[in-house]
Trainee: 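Below you'll find the structure I mean.
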Amino acid sequence: MRVGLFITCVNDTLYPRTGRAVVRLLERLGCEVDFPLAQTCCGQMHWNTGYGPRIEPMVRRFADTFAGYDAVVTPSGSCGAMIRDNHPRAAARAQDPTLAADVAAVVPKVYDLTEFIVDVLGVTDVGAYFPHKVAYHPTCHSQRLMKLGDRPTALLREVRGLELLGLPGEQECCGFGGTFAVKNPDVSTAMGADKVRHAAGTGAEVLCAADNSCLMHIGGLMDRQRTGMRVLHLAEILASTEKEPA
Amino acid sequence: MSSREVILNRVRRALTDVPRDEVFPVPRDYARAHVVEGVLELFAEHLRDYRAVVHEVAESELADAIAEAVVRRGARRVVTPAGLPPAWTAGLAAATCVPDGWVYGPIDDLSDDPTNNRPKPAAPHLTIAELDAADGVLTGAAVGIAETGTIVLDAGPGQGRRALTLVPDWHLCVVRAEHVVASVPQALERLVPGRPLTWISGPSATSDIELDRVEGVHGPRTLEVLIVRRPPVV
Amino acid sequence: MSKAVPPTGATFVGMPPFPRAARDAVGDAQLRHNLRKATHTIRDKRAVVVDELADWAELRAAGAAIKDRTLRRLDEHLLAVEAAVTSAGGTVHWAADAAEANRIVADLVRATGETEVVKVKSMVTQEIGLNEALAAEGIRAYETDLAELIVQLGEDLPSHILVPAIHRNRAEIREIFVREMGEWGVPAPAGLTDEPAALAEAARRHLRERFLSAKVAVSGANFVVAETGTLVVVESEGNGRMCLTLPETLISVVGIEKVVPTWADLEVFLQLLPRSSTGERMNPYTSMWTGVTPGDGPQDFHLVLLDNGRTDVLADRTGRQALRCIRCSACLNVCPVYERTGGHAYGSVYPGPIGAILVPQLGGVATGKVDAQTASLPYASSLCGACYEVCPVAIDIPEVLVHLREQVVEGGGHRAEKAAMRAAEWVLDDPGRLRRVQRLAARSRKLIPKRAPGPGAAWTDSRSIPAVPAESFRDWWVRERSGPADTAQAGVRPTGSAPAAAVVEARESEGEGR
Ligand code: SF4
């Protein structure tokens with residue numbers, strides 16, 4: 001199976017470790033992973049901020065870049081949801097039947113990393129080792145739009161040495177929300193502070209999620225507040241082994 | 001142009017994308033009811049959940065149960081709507097009963113009245129002050145709904161005008177088992193739209209203070225329900 | 001305490017745009033405590049009673065579809081309402097806007113010779129500013145819903161569509177009662193405690209005489225059944241029944257979107273609404289009346305059908321789903337933004353997620369005519385989707401928010417943001433450029449300040465900036481996994497500059513720009 005990795009522009013630029021972890025993990029699970037260099041961004045920031053009419057080139061680029069793969073895997077719930085829910089809308093709005101057809105062809109092949117591992121590969125024990133206390137934050141778009149359900153925690157539960165701790169108010173938004181974080185910084189920070197408080201209260205060493213954008217916000221708050229906790233993308237935990245710990 | 005025309009024209013202009021012959025589907029695959037067994041028990045349980053006082057009685061015990069409830073309450077003046085079965089008040093002193101004469105018209109002539117909303121001329125009825133001076137009201141009910149713990153009054157015989165069950169502070173309501181349905185859809189099927197309807201689920205309450213429910217604001221602060229069991233099948 | 005400000009349209013005059021108002025609200029510890037307690041209480045109650053119904057998803061789908069079907073034939077259903085109400089002995093009026101509705105109501109009240117009216121809690125009469133309009137005509141409107149009473153006595157503004165005084169806790173309510181009730185009528189009893197039951201009792205005593213002597217009442221309605229002309233009011237306290245039953249004249253002001261076609265349609269909404277709203281299987285009282293019933297209830301009944309911007313909402317193919325709203329307030333109660341700011345920050349009659357999509361539309365955002373306050377509302381959301389999840393009529397609030405953001409952008413303004421977005425597009429349009437920008441940032445990552453000046457401060461005031469890695473994923477992949485051809489394709493050229501200037505630098509290095 002040829003897997004195209006859609007790393008997302010945020011991970012590409014700021015979180016290459018996550019990308020490397022995804023590659024390592026998928027190859028360990030027997031996949032042939034490719035990273036097509038023509039990829040850039042799903043257009044989510046533009047779309048959600050009110051610049052939807054301008055993302056057509058990004059939608060086109062995504063559909064063209066990933067047309068030839070059996071599966072497209074992304075380690076971001078919000079980017080995955082952007083592609084699944086909004087690329088068809090953007091294509092419809094462009095009134096270009098070819099684009100609409102290309103998008104319709106690629107969208108069903110797009111998977112969040114955890115979906116791909118659990119549903120397509122049929123695996124929950126990925127052979128990981130991570131001897132730490134971990135709390136999982138099911139980010140809004142991962143839970144409500146991608147509907148990842150218990151896939152991430154099913155994967156975490158199989159990680160050797162990992163103690164999974166329940167996060168109170170887990171389904172509540174962390175307050176990132178893309179440009180919301182800067183357009184409404186006070187509310188965003190207040191929401192994030194509650195998330196940090198809940199996370200710190202679990203006694204976990206690591207807060208993990210399937211989306212680095214939210215973790216950037218939460219981690220940024222934790223750093224300022226010197227909680228001593230760190231944030232880590234789920235993929236990095238799943239890639240972690242005795243030999244190559246995260 | 002009248003505002004009526006203005007609004008209707010605006011609506012039509014707003015809907016130019018909707019084909020006039022469109023058939024817009026409504027999926028109706030929700031349940032007609034969520035329970036089949038134990039409807040009466042559930043009705044009582046849900047009434048109690050919302051702080052109604054509930055008694056279950058046999059038909060033969062009804063008059064005594066009513067008299068006992070009135071005594072227990074210490075009620076000296078109880079409003080009795082027209083059409084209340086005389087047997088219900090058999091255990092009460094005549095002076096206790098404060099009759100209201102209003103009746104909703106018979107519903108047999110539906111021919112020229114699609115909303116069925118033409119009651120008989122009003123008989124003499126109690127003033128608001130007289131209602132306010134009463135200690136309680138005794139009524140029947142049109143329908144009971146088990147899933148929600150609701151009683152529906154439809155102004156039929158023995159239920160009276162809406163004000164009767166509103167102004168007095170105590171409402172003693174007799175609900176017959178055969179009038180209790182499981183669900184809201186089943187209740188609506190039994191009710192006649194044109195009639196003034198009051199749906200009652202527990203005593204008056206509010207959630208306005210810290211979104212926590214407390215009973216007892218403007219409506220009757222005590223709702224007492226006598227559920228009359230079906231006679232055993234012989 | 002904020003003084004009541006008469007609304008214009010659906011927004012309150014002179015309110016600051018959302019982010020600024022939100023800052024004050026977030027800093028108010030008492031307010032945040034009150035809101036958190038109340039919203040979490042009701043959230044949990046709702047979840048329990050919704051879970052009781054295994055067919056909730058089907059009810060929700062039916063509710064959405066019934067509303068859509070009705071809206072798509074709204075003219076026909078409105079004419080049916082008019083015919084049915086008229087034949088049942090009521091009088092139907094049509095009001096194109098708030099001013100006309102207020103005029104109609106004021107004239108009807110004056111015709112009775114009365115100068116006082118009792119009111120059932122109604123969102124729509126707040127939207128049109130009816131109380132203020134009546135006051136200008138010498139008519140005093142008494143709110144009778146407990147929360148509305150708290151707001152009215154406290155000269156406050158409503159902050160929630162179901163519980164307008166949700167921002168007040170019991171101690172504050174007691175204080176308002178003790179101080180103000182005497183000014184308006186029956187004073188608060190001596191020794192009043194802040195027990196909710198005692199406060200409810202005080203409200204009962206305060207309003208009792210008023211109900212028993214009222215001659216005119218004004219209400220809204222939750223539903224109007226087109227085929228029968230039946231109006232439905234769903235409530236808890238019995239103040240609604242008092243107003244709908246005891247006075248001689250009843251005037252109901254109802255938005256044109258409240259119509260449902262058939263009697264049987266109520267079977268869906270009477271299951272969806274109470275469970276979503278107060279988290280009860282059924283609310284304590286629901287009144288249904290059809291025109292006039294001789295000898296029972298008001299003998300003079302008027303229905304005022306109100307447009308006031310609703311037909312503009314109807315004209316927007318994405319935005320029109322907002323008209324499905326049954327005002328249950330579940331979206332407010334679950335909203336993480338509302339929970340932190342409360343309703344006042346929204347500066348409008350309809351706060352929370354539904355307000356953020358309804359108010360801008362009622363105000364004409366599609367035409368680019370709204371003020372800064374209204375234009376800030378579609379951004380008052382992190383797009384977390386919790387509102388959509390609980391909405392009993394499946395309004396995709398995030399979808400509409402994004403749609404309205406586009407209208408705000410089209411309507412002008414946001415110059416710096418537009419430039420930034422264009423720059424981002426330029427970079428993201430070409431992986432080679434993206435790679436160059438990444439390299440520039442990586443090279444100068446040591447220069448990135450911990451706290452950014454200007455707009456960047458919005459992030460760095462409370463949050464650290466993530467460290468820029470020495471190497472992007474793309475560079476790693478090219479180095480580790482692919483041949484020299486890919487490196488050439490990536491088109492990297494070494495340059496050096498601070499990250500803020502990276503885009504500009506990259507542009508210049510290509511001799512390109514827009
Ligand atoms: S938008 Fe939906 S959830 Fe919000 S008040 Fe309206 S019906 Fe309720």
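Reminder, nothing fancy here: chain letters follow the sequence lines and each chain counts from 1. For the numbers below, each heavy atom of this structure counts, side chains included, while hydrogens, waters and symmetry mates do not. Everything quoted here is computed from the prediction, not taken from an experiment.
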Trainee: With a 4.5 angstrom heavy-atom cut-off, is it the side chain or the backbone of C:Asn34 that approaches chain B, or both, or neither?
Mentor: neither

Trainee: Which one wins on heavy-atom pair count under 4.5 Å against chain C: B:Glu189, B:Glu147, B:Glu215, B:Arg221?
Mentor: B:Arg221

Trainee: Non-hydrogen atoms of chain B under 4.5 Å away: do they reach the side chain of C:Ser213, the backbone, both or neither?
Mentor: neither

Trainee: Are the side chain of C:Arg204 and the backbone N or O of B:Val217 linked by a donor-acceptor pair below 3.5 Å?
Mentor: yes

Trainee: Is chain C contacted by the side chain of B:Arg51, its backbone, both, or neither, given a heavy-atom distance below 4.5 Å?
Mentor: neither

Trainee: Could you walk me through whether B:Ser201 and C:Glu280 pass side-chain hydrogen bond (donor to acceptor under 3.5 Å, both in side chains), step by step?
Mentor: CA-CA 10 Å; B:Ser201 309; C:Glu280 294 165 311; over 6 Å; no

Trainee: Could you check which of C:Glu52, C:Arg69, C:His167, C:His93 has the highest count of heavy-atom pairs closer than 4.5 Å to chain B?
Mentor: C:Arg69

Trainee: So, B:Trp199 side chain and C:Ser287 main chain: donor-acceptor pair closer than 3.5 Å or not?
Mentor: no

Trainee: Give, as side chain, backbone, both or neither, the part of C:Leu266 having an atom under 4.5 angstrom from any heavy atom of chain B.
Mentor: both

Trainee: Counting heavy-atom pairs under 4.5 Å with chain B, which one of C:Thr230, C:Ile66, C:Asp145 comes out on top?
Mentor: C:Ile66

Trainee: Between B:Asp17 and C:Arg320, is the salt bridge (Lys or Arg N to Asp or Glu O under 4.0 Å) condition met? List the steps.
Mentor: CA-CA 12 Å; B:Asp17 63 310; C:Arg320 66 167 60 130; 2.9 Å; yes

Trainee: With a 4.5 angstrom heavy-atom cut-off, could you sort out which part of C:Leu79 is near chain B: side chain, backbone, both or neither?
Mentor: side chain

Trainee: Under 4.5 Å heavy-atom distance to chain C, tell me which part of B:Pro25 shows up: side chain, backbone, both or neither.
Mentor: backbone

Trainee: For B:Arg10 and C:Asp312: C-alpha separation, side-chain torsions, deciding distance, then whether salt bridge (Lys or Arg N to Asp or Glu O under 4.0 Å) applies.
Mentor: CA-CA 8 Å; B:Arg10 283 180 189 164; C:Asp312 291 338; over 6 Å; no

Trainee: Would you say the side chain of B:Val26 lies within less than 4.5 Å of the side chain of C:Lys67, judging by non-hydrogen atoms?
Mentor: no

Trainee: With a 4.5 angstrom heavy-atom cut-off, could you sort out which part of B:Asn9 is near chain C: side chain, backbone, both or neither?
Mentor: neither

Trainee: Tell me, side chain or backbone of C:Arg317 under 4.5 Å from chain B's heavy atoms, or both, or neither?
Mentor: side chain

Trainee: Checking C:Leu305 against chain B: side chain, backbone, both or neither under 4.5 Å from a heavy atom?
Mentor: backbone

Trainee: Please look at B:Thr165 and chain C and tell me whether the side chain, the backbone, both or neither of the residue comes under 4.5 angstrom of a heavy atom of that chain.
Mentor: both

Trainee: Does the side chain of C:Met282 come within less than 4.5 Å of B:His46's, by heavy atoms?
Mentor: no

Trainee: Taking C:Thr144, C:Asn169, C:Thr278 one by one, which has the highest count of heavy-atom pairs under 4.5 Å against chain B?
Mentor: C:Asn169

Trainee: Taking every non-hydrogen pair under 4.5 Å, which of B:Leu166, B:Leu153, B:Val167, B:Leu131 racks up the most with chain C?
Mentor: B:Leu166

Trainee: Any side-chain heavy atom of B:Arg162 sitting closer than 4.5 Å to one from C:Trp289?
Mentor: yes

Trainee: Side chain, backbone, both or neither: which part of B:Arg28 has an atom under 4.5 Å from a heavy atom of chain C?
Mentor: side chain

Trainee: With a 4.5 angstrom heavy-atom cut-off, could you sort out which part of B:Leu191 is near chain C: side chain, backbone, both or neither?
Mentor: both

Trainee: Under 4.5 Å from any heavy atom of chain C, what part of B:Val23 do you find: side chain, backbone, both or neither?
Mentor: neither

Trainee: Tell me, side chain or backbone of C:Glu235 under 4.5 Å from chain B's heavy atoms, or both, or neither?
Mentor: neither

Trainee: For the OG atom of B:Ser3 and the CG atom of C:Asp97, what is their distance to the nearest 0.5 Å?
Mentor: 7.5 Å

Trainee: Looking at B:Val214, B:Leu223, B:Thr148, which makes the most heavy-atom pairs under 4.5 Å with chain C?
Mentor: B:Thr148

Trainee: Between C:Ser236 and B:Thr206, which heavy-atom pair has the shortest distance, and what is it?
Mentor: CB-CA, 4.4 Å

Trainee: If you tally heavy-atom pairs under 4.5 Å against chain C, which of B:Ala205, B:Pro27, B:Pro203 wins?
Mentor: B:Ala205

Trainee: Give, as side chain, backbone, both or neither, the part of B:Thr150 having an atom under 4.5 angstrom from any heavy atom of chain C.
Mentor: side chain

Trainee: What part of B:Ile128 gets closer than 4.5 Å to chain C, counting heavy atoms only: side chain, backbone, both or neither?
Mentor: side chain

Trainee: How far apart are the closest heavy atoms of B:Ala14 and C:Thr311, and which atoms are they?
Mentor: CB-O, 3.6 Å

Trainee: Might you work through the side chain to side chain contact (heavy atoms under 4.5 Å, CB included) test for C:Thr286 and B:Thr198, ending with a clear yes or no?
Mentor: CA-CA 6 Å; C:Thr286 297; B:Thr198 304; over 6 Å; no

Trainee: Please lay out, stage by stage, how B:Ser204 and C:Glu237 fare under the test side-chain hydrogen bond (donor to acceptor under 3.5 Å, both in side chains).
Mentor: CA-CA 5 Å; B:Ser204 149; C:Glu237 296 164 14; over 6 Å; no

Trainee: What closest approach, in Å, do C:Arg241 and B:Pro220 show between heavy atoms, and which atom pair accounts for it?
Mentor: NH1-CD, 4.3 Å

Trainee: Among B:Thr16, B:Val6, B:Asp169, who wins on heavy-atom pairs under 4.5 Å with chain C?
Mentor: B:Asp169

Trainee: May I ask you to decide if C:Arg170's main-chain N or O and B:Glu210's side chain share a donor-acceptor pair within less than 3.5 Å?
Mentor: yes

Trainee: Give me the atom names and distance for the closest heavy-atom approach of B:Arg20 to C:Glu76.
Mentor: NH2-OE2, 3.2 Å

Trainee: When you measure from the side chain of B:Tyr30 to the backbone N and O of C:Arg60, does any donor-acceptor pair fall under 3.5 Å?
Mentor: no

Trainee: Which is it for B:Gln186 and C:Glu267 under the side chain to side chain contact (heavy atoms under 4.5 Å, CB included) test, yes or no, and what are the steps along the way?
Mentor: CA-CA 8 Å; B:Gln186 291 173 349; C:Glu267 72 191 19; over 6 Å; no

Trainee: Sort C:Arg208 into side chain, backbone, both or neither according to what part of it lies under 4.5 angstrom from a heavy atom of chain B.
Mentor: side chain

Trainee: Spell out, as yes or no, whether a donor-acceptor pair under 3.5 Å connects the side chain of B:Trp102 to the backbone of C:Pro294.
Mentor: yes

Trainee: So do C:Lys45 and B:Arg213 actually touch side chain to side chain, heavy atoms under 4.5 Å?
Mentor: yes

Trainee: List the atom of C:Tyr285, the atom of B:Gly202, and the distance in Å for their closest heavy-atom pair.
Mentor: CE2-O, 4.4 Å

Trainee: If I measure from the heavy atoms of chain C, does B:Val11 come under 4.5 Å with its side chain, its backbone, both, or neither?
Mentor: both

Trainee: Would you mind checking which part of C:Leu246 comes under 4.5 Å of any heavy atom in chain B, side chain (CB onward), backbone (N, CA, C, O), both or neither?
Mentor: both

Trainee: Set out, in order, the CA-CA distance, both residues' side-chain angles and the distance that settles salt bridge (Lys or Arg N to Asp or Glu O under 4.0 Å) for C:Arg72 and B:Glu22, then state yes or no.
Mentor: CA-CA 9 Å; C:Arg72 294 169 83 84; B:Glu22 179 188 70; 2.7 Å; yes

Trainee: Do the side chain of C:Asp55 and the main chain of B:Ala31 share a donor and acceptor less than 3.5 angstrom apart?
Mentor: yes

Trainee: For the CD atom of C:Glu209 and the CG atom of B:Asp132, what is their distance to the nearest 0.5 Å?
Mentor: 7.5 Å

Trainee: Which bit of C:Ala95 is near chain B, if near means a heavy-atom gap under 4.5 Å: side chain, backbone, both or neither?
Mentor: backbone

Trainee: Of the backbone (N, CA, C, O) and the side chain (C-beta and beyond), which part of B:Arg13 lies under 4.5 Å from a heavy atom of chain C, both, or neither?
Mentor: neither

Trainee: Can you name the closest pair of heavy atoms from C:Asp296 and B:Pro196 and give their distance?
Mentor: OD2-CG, 3.4 Å

